[in-house]
Amino acid sequence: MVSIAITGSPAVGKTTISNLLEGQGWSVKSVAWLAKSNDCEGDYDELMDCVEIDIHKLAEKYVVDADDDVIIDGHLSHFLDVDAIIILRCEPAKLRARLESRGYNEAKINANVEWELIAGTWSEIVEFEIVAPILELDSSTLTPDELAGKVVAWINNDFKTRSTTISDVIDWLS
């Protein structure tokens with residue numbers, strides 16, 4: 001069975017794509033649900049308006065269910081033991097608009113747009129030497145159905161087509 005992390009900044013489309021894949025037979029688990037069910041939640045962060053997750057503790061506790069193909073949905077999912085990683089990206093101005101439409105406070109919007117701008121998820125993957133096939137997709141230019149189609153094609157090709165490396169990541173600063 002296969003486990004795949006779908007990661008990226010908030011509002012890039014992780015849950016939307018995960019739901020589309022769930023409709024195709026994948027089991028989907030959110031990092032938030034896994035953290036709660038494995039007693040890996042921390043304090044409530046008032047500035048960011050969310051519960052902190054001890055992702056390192058969760059990475060130690062979480063064991064993939066070997067009976068199901070599973071998608072792990074969440075911006076910290078790349079820290080878990082998975083077979084492949086999908087990083088969804090979104091052009092920062094579009095991301096800002098998506099976060100504003102969710103009613104996020106200005107501090108949370110700015111933090112997440114900056115994270116996207118500097119490719120923060122990639123920074124973590126490099127820093128923690130995470131090794132897995134990676135597919136990076138731009139959700140600011142593709143529809144959810146197009147994104148899901150690219151994900152399925154990549155999976156069906158054993159994670160070989162368009163596998164992304166740090167040398168060819170989306171660069172919003174150039």
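All residue numbers refer to positions in the sequence shown, counting from 1. Hydrogens, waters and symmetry mates play no part in the numbers below; they use all other heavy atoms, side chains included.
Judged by distance alone, the side chain of Ser3 and the main-chain N or O of Asp83 form a donor-acceptor pair under 3.5 Å. Put simply, the side chain of Asn105 gets close to the backbone of Lys108: a donor and an acceptor are under 3.5 Å apart. Judged purely by atom type and a 3.5 angstrom limit, Lys57 has no side-chain atom pairing as donor or acceptor with the backbone of Cys40.
Nearest heavy-atom pair, Leu21 versus Ala148, reported as atom, atom and distance to 0.1 Å: CD2-O, 4.5 Å. The minimum heavy-atom distance linking Pro10 with Arg102 is given by the pair C-NH1, 4.4 Å. For the pair Trp154 and Ala84, the tightest heavy-atom approach, listed with the atom from each and the gap, is CH2-CB, 3.6 Å. Here the shortest heavy-atom pairing between Asp69 and Val2 reads OD1-N, 2.9 Å. The two residues Cys90 and Val12 have their closest heavy-atom pair at CB-CG1, 3.8 Å. Taking all atoms of both residues into account, the shortest heavy-atom contact from Ala59 to Phe79 is CB-O, 3.6 Å.
With a 4.5 Å cut-off on side-chain heavy atoms, Ile53 and Leu76 count as touching. You'll find the side chain of His78 stays beyond 4.5 Å of the side chain of Ile87, heavy atoms only. The shortest side-chain heavy-atom distance between Leu142 and Lys150 falls under the 4.5 Å cut-off. Counting heavy atoms from C-beta outward, Leu173 and Leu117 have side chains that approach closer than 4.5 Å. Counting heavy atoms from C-beta outward, Met1 and Val64 have side chains that stay 4.5 Å or more apart. You'll find the side chain of Trp122 reaches within 4.5 Å of the side chain of Ile134, heavy atoms only. Looking at Val70 and Lys29, their side chains come closer than 4.5 Å, going by heavy atoms from C-beta outward. Looking only at side-chain heavy atoms (C-beta outward), Val51 and Glu41 come within less than 4.5 Å of each other.
With rounding to the nearest 0.5 Å, the separation of CD1 in Ile6 from CD1 in Ile72 is 10.0 Å. With rounding to the nearest 0.5 angstrom, the CD1 atom of Ile155 is 5.0 Å from the CD1 atom of Ile71. In this structure, CG in Leu95 is found 10.0 Å from CZ in Arg89, a value given to the nearest 0.5 Å. For the atom pair CD of Glu116 and CG of Leu99, the computed distance is 9.5 Å after rounding to the nearest 0.5 Å. Interatomic distance, OG of Ser30 versus NE2 of His75, reported as 11.5 Å (0.5 Å rounding). Once rounded to the nearest 0.5 Å, the distance linking CD1 of Ile86 with NZ of Lys14 reads 12.5 Å.
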Q.
Is there a side-chain contact (heavy atoms from CB on, under 4.5 Å) between Glu146 and Leu137? Walk through the geometry before answering.
A. CA-CA 10 Å; Glu146 289 170 327; Leu137 297 170; over 6 Å; no

**Q.** Stepwise side-chain contact (heavy atoms from CB on, under 4.5 Å) test for Ile17 and Leu88
**A.** CA-CA 10 Å; Ile17 302 310; Leu88 296 181; 3.9 Å; yes

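The pair Glu106-Arg96 meets the salt-bridge criterion, since a charged nitrogen lies less than 4.0 angstrom from a carboxylate oxygen.
Side-chain polar atoms of Trp172 and Glu91 form no donor-acceptor pair below 3.5 angstrom. Side-chain contact check for Arg98 and Ser139: at least one donor-acceptor pair (N or O, by modelled atom type) lies under 3.5 Å. Under 3.5 Å, the side chains of Thr143 and Asp145 contain no donor-acceptor pair of N or O atoms. Using modelled atom types, one finds no donor on one side chain facing an acceptor on the other under 3.5 Å when comparing Ser9 with Asn112.
The 12-atom threshold is exceeded at CG of Asn110, counting heavy atoms of other residues, nucleotides or ligands nearer than 6.0 Å. Residue Glu46 qualifies as open at atom CD: its count of foreign heavy atoms under 6.0 Å is 12 or below.
The hydrophobic cluster containing Ile125 does not contain Trp115, counting ILVMFWY residues as joined when their side-chain heavy atoms lie under 4.5 angstrom apart, directly or transitively. Criterion: ILVMFWY side-chain heavy atoms under 4.5 Å apart, direct or through other members. Under it, Ile118 and Ile170 are not part of a common hydrophobic cluster.
Residue Ser77 forms a side chain to side chain contact (heavy atoms under 4.5 Å, CB included) with just one option from Val31, Leu58, Leu34, and that option is Val31.
Between Phe128 and His56, the ring planes lie tilted relative to each other; the angle falls in the 30° to 60° range.
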